Amino acid sequence: MSKDENTAEDIKPTNFIRNIINKDLESGKHQSVQTRFPPEPNGFLHIGHAKSICINFGIAEDYNGLCNLRFDDTNPAKEESAYAEAIAKDIEWLGFKWNGDIRHSADYFDKLFAFAEELINKDLAYVCELSMEEMRSYRGTLTEVGKNSPHRERSVEENLAMFQAMKAGEHKDGSMALRVKIDMGSPNINMRDPVIYRIKTAHHIRTGNDWCIYPTYDFTHGISDAIEGITHSLCTLEFEDHRPLYDWFLDNISIDCHPQQIEFSRLNLEHTITSKRKLNQLVVDGIVDGWDDPRMPTISGMRRRGYSASAIKDFIGRTGVTKKVHTVEMSLLENSVREDLGENAPRAMAVLNPLKITLTNYPDDKVESIQAPKHPQKEEMGKREIFFSKEIFIDQDDFRESANKKYKRLVLGKAVRLRNAYVITCDEIIRDSEDNIIELKCSYDENTLGKNPEGYKPKGVIHWVSASHSKVATIRLYDRLFNVANPALEDDFMTTVNPNCLQTIDNARVEMSLTTALPEAVYQFEREGYFCADRYQHSTDNLVFNRTVTLRDSWAKIEAKN
RNA sequence: UGGGAUGUCGCCAAGCGGUUAAGGCAACAGGUUUUGAUCCUGUCAUUCGUAGGUUCGAUCCCUACCAUCCCAGCCA
């Protein structure tokens, strides 16, 4: 089949990892695929994790394989159960299902300890009493080889006894560590006798106070993969240098599974930051309201913003999988969000900055009910009821006293179409004592409901809301969190925070159909953008909508040019 | 200056010795439109980091150079 015979649905993602898997399946190296997603429960998942999730779970799905969720909980000092719970929820929300129960590296602590003893028995590991500072100086530098620890030649028996003593809590934190005996002269610093167990008196979220020694990531990760029968261990580029160590452990312990570690590049997004430390700083410093603030690039933040799981997954799919360090433009994410919401979000009208209009020729007490489509292209989505009356609100931006032909909205003396309703003409401007426009007197053309007026053409279409049949709502307009494309490159990323990343409007007016909006429901407010009823603060009595993303705005471009 | 990686359009990204160098996003120019939205049409790399080489033929192979990223936690 040639490329242009493919429909969009037929196009399966292709990338270097899938190519490797395809070969492994063809060659018979593997009969099935087993991946894993191994987050450390020390923070919330962000857009970068979403990529890893999509790769690991996505490959498992597409190859009819399985993907485990395993918390990489080897550092109790940093980990919290609350994070683990939030992470699991985020993955479920994204729509992925892990294989069996949630795993934990801690589940393998006993096995890991036994493997460490095996290495000692093989004279491949030793207890080292060098302080951290000493160990650093013994390690050498990038260009100078390291030198052997004075404790490197302890007897197996002594090492075994000391390791047991470490485990028994007979030594202070940091006073000694179990190291593996590889090569202090290796050009790869990771191979210069890395530590595999350290003494750390801390309460662990899974094992409580059972242990006072904990295995390091390098020792734990590959072995955990092997225990779980992982075929392809997919991780990010910074672990490339660790691969020789990953392989060394599996080659030197008694285990009959040797997963292949494959590294891909992290996802970087313009105008955002994906460093747990920095995201945490935004939370702690009160720049945002929490890890799930709609401005945060966390999964839960994007969810609260109104981004759907499918939009996020679509975006990840569009960014591809390579080993090239890259930074993706925000417009790609916004495109995925708009595409999804444009298709699925019901329409409604909301006036952000109300300007009152009185229709002088409309009966005082008349109220008309109009059935408006929920989606202009999808009739099957049904209708909603809107109300028309003598007093209405339009947006302040949709009126000008005078304007050139390019301005397709309401102008004094000119006509405009009210979306889903009549054509009106502006007759008079009412001002307050300070010369501010506070009201417009207009006349409506009663023969224009659902049909074009005779003898003249309105300039455009604007949205509106009935004064009597609308509700006040709080609307939060979000903008990018950072003003520069790559805040991580700045000396102090905090100085690039966009002071206007949130604008709150509390006197917006929304049509009545929105009073039944459920939290997390996303609507298109016509001509404005997509808005999501806040997951936590929105209710029938207190309407709160977060702007997910604006509509594309070619008018803004035209205006900017002039 | 050691080791590991990467360099194809503004941003992503296919390509795997013979292609008119896919596609998406962005941008630009038109058309439709009761959302300046959507939708539709068109334009957008004689060139693949640079320089040599191998070959009838190179983005794909070789060599050198250049640029960028990662590594000196008892973090992951």
Side-chain angles (χ1 to χ4, degrees), chain A residues 3-4 11 14-15 19 38-40 42 72 74-75 77-78 128 130-132 135-137 139-146 173-179 186-192 194-200 213-214 216-218 220-221 235-244 263 265 270 276 315 317-336 338-339 342-343 347 349 372 375-377 406-409 416-421 423 448 450-452 458 460-463 485 524-529 550-559:
Chain A
K3 269 180 184 149
D4 36 50
I11 296 168
T14 170
N15 59 53
N19 291 342
E40 185 186 15
N42 67 342
D72 222 333
T74 57
N75 186 357
K78 293 184 171 183
C128 181
L130 252 25
S131 68
M132 278 198 251
M135 211 182 278
R136 187 185 312 127
S137 78
R139 187 157 35 232
T141 68
L142 294 178
T143 52
E144 299 164 59
V145 299
D173 284 16
S175 62
M176 55 182 66
L178 184 67
R179 291 225 261 169
S186 172
N188 181 346
I189 290 182
N190 295 122
M191 301 299 269
R192 319 238 262 229
V195 167
I196 63 168
Y197 264 94
R198 70 281 214 196
I199 304 172
K200 198 171 277 232
I213 59 171
Y214 292 94
T216 56
Y217 162 84
D218 283 310
T220 308
H221 198 84
C235 62
T236 44
L237 248 31
E238 67 270 29
F239 295 105
E240 229 157 4
D241 290 340
H242 295 243
R243 191 176 352 117
E263 312 84 13
S265 56
E270 282 193 348
K276 285 184 191 169
F315 163 68
R318 288 174 196 249
T319 63
V321 181
T322 67
K323 290 173 81 83
K324 185 160 66 176
V325 175
H326 65 189
T327 302
V328 178
E329 290 176 344
M330 188 63 98
S331 62
L332 193 66
L333 208 205
E334 292 180 338
N335 174 261
S336 292
R338 288 193 183 108
E339 198 170 288
E343 175 84 8
R347 312 288 125 125
M349 292 195 285
H375 189 116
Q377 280 85 234
K406 280 186 178 169
Y407 186 79
K408 304 198 295 183
R409 308 179 188 186
V416 78
R417 157 76 66 184
L418 292 179
R419 175 85 169 145
N420 294 127
V423 172
T448 55
K451 53 189 169 195
N452 289 125
V461 182
I462 63 173
H463 58 99
Q524 183 195 103
F525 289 175
E526 290 187 288
R527 302 209 317 127
E528 291 289 358
T550 62
L551 252 28
R552 271 197 194 84
D553 190 355
S554 57
W555 168 244
K557 283 181 202 165
I558 293 167
E559 278 222 301

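To find a chain, count down the sequence lines: A is the first, B the second, and so on, and within it residues start at 1. Since the structure is predicted, the reported quantities are computational estimates derived from the model, not experimental observations.
Judged by distance alone with a 3.5 Å cut-off, no donor-acceptor contact links the side chain of A:Asp553 to the base of B:rG36. Looking at A:Arg409, its side chain comes within 3.5 Å of the base of B:rG36 through a donor and an acceptor atom.
With sequence neighbours excluded, no residue satisfies ring pair (Phe, Tyr, Trp, His ring centres under 6.0 Å) with A:His375. Taking the salt bridge (charged side-chain N to carboxylate O under 4.0 Å, His left out) definition, one finds that A:Glu559 meets it with A:Arg400, sequence neighbours left out.
Only the C1' atoms considered, B:rA26 is 23 Å distant from B:rU32, to the nearest whole Å.
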Using nucleotides 32-34 of chain B, report all nitrogen or oxygen pairs with the protein that are shorter than 3.5 Å.
unit_1	atom_1	unit_2	atom_2	d
B:rU34	O3'	A:Arg419	NH1	3.3
B:rU34	O2'	A:Arg419	NH1	2.1
B:rU34	O2	A:Asn420	N	2.8
B:rU34	O4	A:Arg417	NH1	3.0
B:rU34	O4	A:Gly450	N	2.7

Report, one pair per line, the protein and nucleotides 38-44 of chain B atoms (nitrogen or oxygen only) whose separation is under 3.5 Å.
unit_1	atom_1	unit_2	atom_2	d
B:rU38	OP1	A:Arg552	NH1	2.2

Is there any protein nitrogen or oxygen under 3.5 Å from a nitrogen or oxygen in nucleotides 9-11 of chain B, and what are the pairs?
unit_1	atom_1	unit_2	atom_2	d
B:rG10	N2	A:Glu329	OE1	3.0
B:rC11	O4'	A:Glu329	OE2	2.8
B:rC11	O3'	A:Thr327	O	3.0
B:rC11	O2'	A:Thr327	O	3.1
B:rC11	O2'	A:Glu329	N	3.3

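Classified by interplanar angle (parallel below 30°, tilted 30° to 60°, perpendicular above 60°), the ring pair A:Tyr217/A:His242 is perpendicular.
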Would you tabulate the side-chain donor-acceptor contacts of residues 324-334 of chain A under 3.5 Å, counting partners in other chains and residues two or more places apart, or write 'none'?
unit_1	atom_1	unit_2	atom_2	d
A:His326	NE2	A:Arg266	O	3.4

Practice prompt. Assess whether salt bridge (charged side-chain N to carboxylate O under 4.0 Å, His left out) is satisfied between A:Glu40 and A:Lys276, documenting all intermediate values.
Written response: CA-CA 11 Å; A:Glu40 185 186 15; A:Lys276 285 184 191 169; 5.1 Å; no
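With its glycosidic angle more than 90° from 0, B:rG7 is assigned anti.
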